[in-house]
Amino acid sequence: MAETSPELARLEGMLLIRAYEEQLVALHRDGAPGTCTSVGQEACAVGVVQALDGRDRILTNHRSGGHLLARGADPGRLIAEVLGRVDGYCGGRSGSLHISAAELGVVLTSTIVGGELSMAPGVALAQKMGRGEPGGIVAVFFGDGAACEGVFHEALNLAVHWRLPLLFVCENNQWQAYVHRLETMSDRAISAWAEGHGLPVRVVDGNDVEAVHGAAADLVAGIRAQGGPAFLELSTYRQRGHFEPDDQAYVDPAECQAWLARDPIRRQAERLRAAGRLDAAGLAALEARVAARIAAALAFAQASPMPGPDTLDRHVYA
Amino acid sequence: MAETSPELARLEGMLLIRAYEEQLVALHRDGAPGTCTSVGQEACAVGVVQALDGRDRILTNHRSGGHLLARGADPGRLIAEVLGRVDGYCGGRSGSLHISAAELGVVLTSTIVGGELSMAPGVALAQKMGRGEPGGIVAVFFGDGAACEGVFHEALNLAVHWRLPLLFVCENNQWQAYVHRLETMSDRAISAWAEGHGLPVRVVDGNDVEAVHGAAADLVAGIRAQGGPAFLELSTYRQRGHFEPDDQAYVDPAECQAWLARDPIRRQAERLRAAGRLDAAGLAALEARVAARIAAALAFAQASPMPGPDTLDRHVYA
Amino acid sequence: MSTMTLEQAVQLALREEMGRDASVLYMGEGVATKHADMVADFGADRVRNTPLAEAIIAGTAVGAAASGLRPVIDLLFAPFMTYAMDALVNSAGKLRYLSGGQFSFPLVALGMTGAGWGVGGQHNHNLEAMFVHAPGLKVVMPATPADARGLLKAAIRDANPVLFFLDIGLLHQPGPVPDAVDQVLPLGEAAVPRSGRDVTLVSYGKTVAVCLEAAAGLQADGIDAEVVDLRTLKPLDEAAVLRSLAKTGRLVVVQEASGLCGVAAEIAALAAGRGFPFLQAPVARLTGPDAPAPGNWALEQAMVPSAQRVMEQVRALVGTPALAA
Amino acid sequence: MSTMTLEQAVQLALREEMGRDASVLYMGEGVATKHADMVADFGADRVRNTPLAEAIIAGTAVGAAASGLRPVIDLLFAPFMTYAMDALVNSAGKLRYLSGGQFSFPLVALGMTGAGWGVGGQHNHNLEAMFVHAPGLKVVMPATPADARGLLKAAIRDANPVLFFLDIGLLHQPGPVPDAVDQVLPLGEAAVPRSGRDVTLVSYGKTVAVCLEAAAGLQADGIDAEVVDLRTLKPLDEAAVLRSLAKTGRLVVVQEASGLCGVAAEIAALAAGRGFPFLQAPVARLTGPDAPAPGNWALEQAMVPSAQRVMEQVRALVGTPALAA
Ligand SMILES: Cc1ncc(C[n+]2csc(CCOP(=O)(O)OP(=O)(O)O)c2C)c(N)n1
Ligand SMILES: Cc1ncc(C[n+]2csc(CCOP(=O)(O)OP(=O)(O)O)c2C)c(N)n1
Ligand SMILES: [Mg+2]
Ligand SMILES: [Mg+2]
């Protein structure tokens with residue numbers, strides 16, 4: 001399998017996220033801190049992030065592993081951060097829930113639901129006012145739950161009215177921690193709310209990485225050309241529950257099964273196989289490469305020391 | 001002029017509000033505290049409040065004079081409150097900005113923009129759960145500015161999703177203190193935002209008291225019949241500026257002139273005159289009656305004592 | 001006597017009060033999911049999952065409380081209360097006053113806080129002092145399952161808005177709880193879980209146990225420490241603190257929250273004022289640092305004053321020559 | 001020296017800093033309307049009216065501050081900051097720490113507070129202590145036009161988020177302001193507008209003048225009071241307070257904010273701790289009541305500690321026999 005292509009790269013990107021998060025789950029079973037995994041949502045991360053370029057900035061939230069890896073984060077430094085080690089992106093201070101990596105343009109990650117929406121217009125304003133790299137835009141990832149917070153409304157209105165270069169990416173994974181989103185909003189709510197703000201809105205199958213990528217690329221091109229914001233709602237599913245461990249006893253098994261059958265990684269692999277661009281050996285090779293990276297990452301992270309308690313009040317003030 | 005009719009009563013109701021607020025303006029010129037008048041918006045208050053009945057509850061904000069008077073508040077107790085006297089509805093503690101009168105069902109007035117929207121679903125929930133009078137609904141008055149606050153979005157979503165008996169009444173008076181609303185939102189924003197929530201929405205000329213009343217009555221009937229909320233946007237204008245005194249130097253005179261020409265009181269008077277139901281003498285009689293009430297109210301209020309400083313920490317805790 | 005965790009005690013109190021008073025309502029992000037049994041017993045009307053929107057959860061509670069209901073809202077983690085701050089501080093705390101006493105707001109807002117989960121300062125922030133500072137609110141933070149039950153029952157029955165903080169580090173610790181159904185503990189009364197003559201240790205939440213451990217350790221040095229558990233942070237049981245101080249003449253105030261303008265500052269200020277005649281040594285405060293909580297578990301634990309530090313502090317104080325002696 | 005009001009001094013500082021540094025941005029509900037001259041001078045990009053939405057004003061400032069701008073946001077009245085609390089406390093205050101120092105947040109949030117307008121507790125609420133308690137934030141509250149100018153300039157240049165409170169009662173009072181353009185007053189330094197030997201009066205904001213008036217009145221009784229104006233509430237100039245206390249041995253802390261967990265409690269706690277060796281009498285706090293501000297003008301004025309009360313308090317203290325004497 002010598003072929004490389006964007007489609008294959010997207011498959012590999014998704015495999016990496018899956019392997020990384022499965023590693024975190026295994027670590028958790030051995031006593032490491034829990035995490036919010038994005039298993040099942042890999043197409044959202046990969047599809048959108050690959051539609052951005054180096055000038056752009058990303059804001060994310062508690063479920064950030066996919067976004068960071070898709071942006072090129074080092075899985076070793078990510079695992080180190082989850083484990084609270086000094087080589088983590090945040091020196092072990094964040095743990096899993098607010099990992100940002102300024103060097104990658106993944107900034108200001110917040111685990112306050114809606115926090116990313118609150119800060120994103122300011123990052124976009126700075127881009128617009130020439131403080132970022134020329135032509136850069138901002139993408140903000142948030143969940144269906146975050147769309148219930150008032151700051152969703154405030155951020156959309158400000159972005160539209162100030163014509164900020166901001167792509168809103170709602171990963172509608174059907175769940176808001178332990179509450180199904182249909183217990184908190186109507187089925188078409190999120191895109192309908194966005195439409196009320198009068199910006200371009202697309203709703204896309206979030207488990208189809210090519211569809212996600214295509215829509216994101218269109219919207220990003222529109223933002224760069226016209227300046228104002230755009231909105232992308234991705235229908236997807238949180239396969240593993242909210243936060244490790246989660247037995248998902250509260251989840252309707254039929255709903256879960258239906259979504260498992262639409263797994264984004266299998267789908268992309270089948271698409272490539274059907275097109276004659278991937279065979280079993282090729283897939284196995286990709287998986288092996290990814291597994292090796294994660295194994296090396298784990299070793300790196302586990303070798304990294306814990307920060308000392310004497311560092312407790314470092315970095316409070318600038 | 002022996003005729004009495006709802007239309008005439010609405011005219012008289014608007015005249016009373018106008019006379020009351022002009023009295024406050026005069027008092028302010030003599031050194032009394034300032035107020036947010038609703039001069040120019042009287043049709044909103046009278047049209048909506050007359051569509052409610054005694055079982056219903058009302059929440060309002062800093063610009064509440066019209067709502068309170070339309071609900072039957074005693075102008076003497078209102079002026080007393082503005083002047084900080086013990087006979088005010090709130091014993092002089094509120095002053096002009098948060099006057100509520102539980103005995104009239106005007107509850108929980110807040111001068112925090114959006115405060116009324118934050119509390120209204122709870123009042124409606126209590127009604128729905130049988131804590132109010134059977135069949136009662138709730139009306140919440142707020143401005144175009146309040147629609148920018150996140151709690152607007154949260155309140156709409158909750159009311160829709162919980163099917164609360166709540167009439168949202170947005171008095172879109174074009175201004176948000178010293179900022180024109182088109183500096184903060186697009187022209188069709190408010191109703192478009194509401195529509196995104198999937199509840200019945202009507203946009204009505206807020207300077208036509210009969211149109212307001214008709215729309216409010218329809219929506220109230222719908223709420224009583226179906227249970228869920230409804231939304232009424234009233235296009236109107238704040239003739240006197242934000243808070244006394246306000247020279248309105250920042251206002252476009254052409255815009256202001258155009259709206260003054262559409263004064264809701266003159267309009268209702270002309271409508272009745274055209275229909276042969278009011279003549280100059282009749283109007284003068286109404287004005288005289290209203291003036292007499294306000295004069296008596298002023299005398300009452302000015303005779304009311306100030307609360308003593310020993311009462312400073314009364315009513316903090318129940 | 002039964003044995004249960006603080007979390008279980010909270011649920012027990014809620015169930016008891018919901019059974020007793022049909023106007024009690026329980027709302028929050030996931031409460032109906034997590035407590036399907038309560039939905040079954042009290043109905044979906046009274047046990048409600050909400051949208052993910054703290055401002056409207058709190059605002060709705062305020063409106064409902066003024067209209068004949070008694071809402072208990074679960075705001076999950078204390079830092080999320082910042083979204084609910086307007087409803088709690090400006091509405092619930094002020095509208096009784098500004099309306100001249102027309103309304104009351106019998107509501108309880110629950111929030112978890114404190115070290116014990118290791119997920120960082122956006123989940124663990126001991127910000128209870130912010131609400132102590134705000135007028136019109138009461139604030140409770142129990143240290144034992146029995147107190148959690150008794151105080152929550154009192155909070156639900158109280159006519160005022162009560163912020164009720166649950167220390168994450170205590171949630172799963174078992175403790176004895178009396179079986180009597182109506183074990184209501186009045187708000188505003190401190191407890192003295194250990195009496196002593198030489199020094200007063202004042203605390204609340206999980207650091208009460210730290211003080212008790214320190215007191216046990218100090219025994220070996222021949223130092224007899226009294227431990228005062230504030231339990232309610234507002235209204236503060238000032239008399240209990242002064243009573244203890246009158247006896248011991250020495251005071252160490254211990255809290256996990258950061259120091260500046262915290263509850264420990266209030267207690268120390270009380271001692272410096274009305275307690276001054278009793279003071280034989282400086283008042284010491286042991287508090288968390290002026291820093292957010294880190295995600296790293298060990299660092300998070302290091303934020304909490306330890307029994308070791310309390311003991312050292314006490315030894316230093318007792319060594320201080322009594323100025324008045 | 002020019003004479004200007006505190007409000008004018010704030011505008012002057014803003015203009016100076018905007019002229020000096022193109023990354024300074026001024027945003028808020030109506031700032032462009034009220035300061036059309038600044039729009040003319042600095043452009044509509046840098047002087048912006050915002051939607052009526054404090055949460056996103058503050059959040060936008062946080063995002064912009066981390067991205068190379070220096071926003072100054074006008075949140076109008078302090079109680080409106082409750083809507084901005086998440087952005088200020090959870091984002092600006094914590095994300096530097098939680099990111100391991102990757103970001104800094106050079107922003108200033110302005111809010112008016114204090115008696116002087118008579119429109120009630122939803123406009124006047126001295127809640128500065130809430131922000132003093134929160135990690136990662138700095139807090140300033142000047143008492144004179146000159147200090148307002150110098151401190152605001154320092155706040156704008158500071159790399160941290162600064163809450164900057166303007167006392168409504170001082171806004172329109174004129175005072176001398178030095179003409180030098182670069183009169184920057186470092187954050188964290190108290191002033192001693194009056195020195196004395198017998199008692200220390202610590203305060204900030206409008207009650208500094210109350211203390212000065214009381215000090216003048218006490219002169220007649222032969223009591224020589226020193227007045228310390230904190231100016232910055234965080235970082236607190238503890239050394240200045242202790243220095244004065246070392247000299248006088250007696251302390252009265254005066255603030256308009258309510259007492260519980262306020263800045264006066266922190267100062268009193270400092271005195272009870274490191275200041276204890278100096279204390280010759282109880283530390284007295286004179287604060288506003290634990291009540292929202294009423295709309296009634298006279299009642300609102302009555303919330304503010306008066307010079308009369310300060311004098312009575314001082315006389316009582318000086319009458320207290322020095323325990324150490
Ligand atoms: C303000 C706030 N409220 C509640 C939480 C607890 N919480 C963390 S994630 C989550 C669900 C978020 O749902 P959604 O936005 O759909 O994102 P998802 O977890 O599904 O990716 C909740 C309730 C929080 N972190 N912040
Ligand atoms: C949270 C909050 N922000 C700002 C203000 C100051 N303020 C009072 S009224 C007002 C304008 C409100 O506009 P709108 O909602 O349209 O009502 P209107 O005054 O036009 O009736 C503003 C900004 C406030 N009282 N509360
Ligand atoms: Mg979700
Ligand atoms: Mg308006």
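So that the names make sense, note that chain A is the first sequence line, chain B the second, and so on, each numbered from 1.
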Which atoms of B/His62 approach chain D - backbone, side chain, both or neither, heavy atom under 4.5 Å: neither
Heavy-atom side-chain proximity of B/Phe300 to B/Leu298 below 4.5 angstrom: no
For chain B, the option from D/Ile56, D/Asp290, D/Thr82 that forms the most heavy-atom pairs under 4.5 Å: D/Asp290
Atom group of D/Trp117 that falls short of 4.5 Å from chain B, counting heavy atoms: side chain
Top contributor to chain B contacts, counting heavy-atom pairs under 4.5 Å, from D/Thr33, D/Leu52, D/Asn49: D/Leu52
Proximal component of D/Thr50, with respect to chain B [non-hydrogen, under 4.5 Å]: backbone
Chain B contact via D/Gln301 - which portion, at a heavy-atom distance below 4.5 Å: neither
Within-4.5 Å side-chain heavy-atom neighbours: B/Cys36 and B/Leu97: yes
Residue among B/Asp313, B/Thr184, B/Leu312 with most heavy-atom pairs under 4.5 Å to chain D: B/Leu312
Heavy-atom contact with chain D under 4.5 Å, split by part of B/Ser94: backbone
Criterion ring-ring contact (aromatic ring centres under 6.0 Å, His included) on B/Trp193 and B/Phe231, from CA distance to verdict: CA-CA 11 Å; B/Trp193 293 339; B/Phe231 195 96; 9.8 Å; no
Modelled atom types, side-chain donor and acceptor of B/Tyr178 and D/Glu29, under 3.5 Å: no
Test of ring centre spacing under 6.0 Å for B/His242 and B/Trp175: no
Check: D/Phe77 ring centroid to D/His125 ring centroid under 6.0 Å: no
Residue part contacting chain D, namely of B/Val151, when any heavy atom lies under 4.5 Å: side chain
Salt bridge (Lys or Arg N to Asp or Glu O under 4.0 Å) assessment of B/Glu22 paired with B/Arg240: CA-CA 10 Å; B/Glu22 284 176 348; B/Arg240 285 198 57 87; over 6 Å; no
Region of B/Phe152 in contact with chain D, defined by heavy-atom distances below 4.5 Å: neither
B/Gln174 side chain to B/Arg238 backbone, donor-acceptor under 3.5 Å: no
Residue B/Pro307 versus chain D: region with a heavy atom under 4.5 Å: both
Side chain, backbone, both or neither of D/Tyr83 within contact of chain B (heavy atoms, under 4.5 Å): side chain
B/Thr60 versus B/Ser64, side-chain donor and acceptor atoms under 3.5 Å: no
Contact class of B/Ser110 relative to chain D, heavy atoms under 4.5 angstrom: both
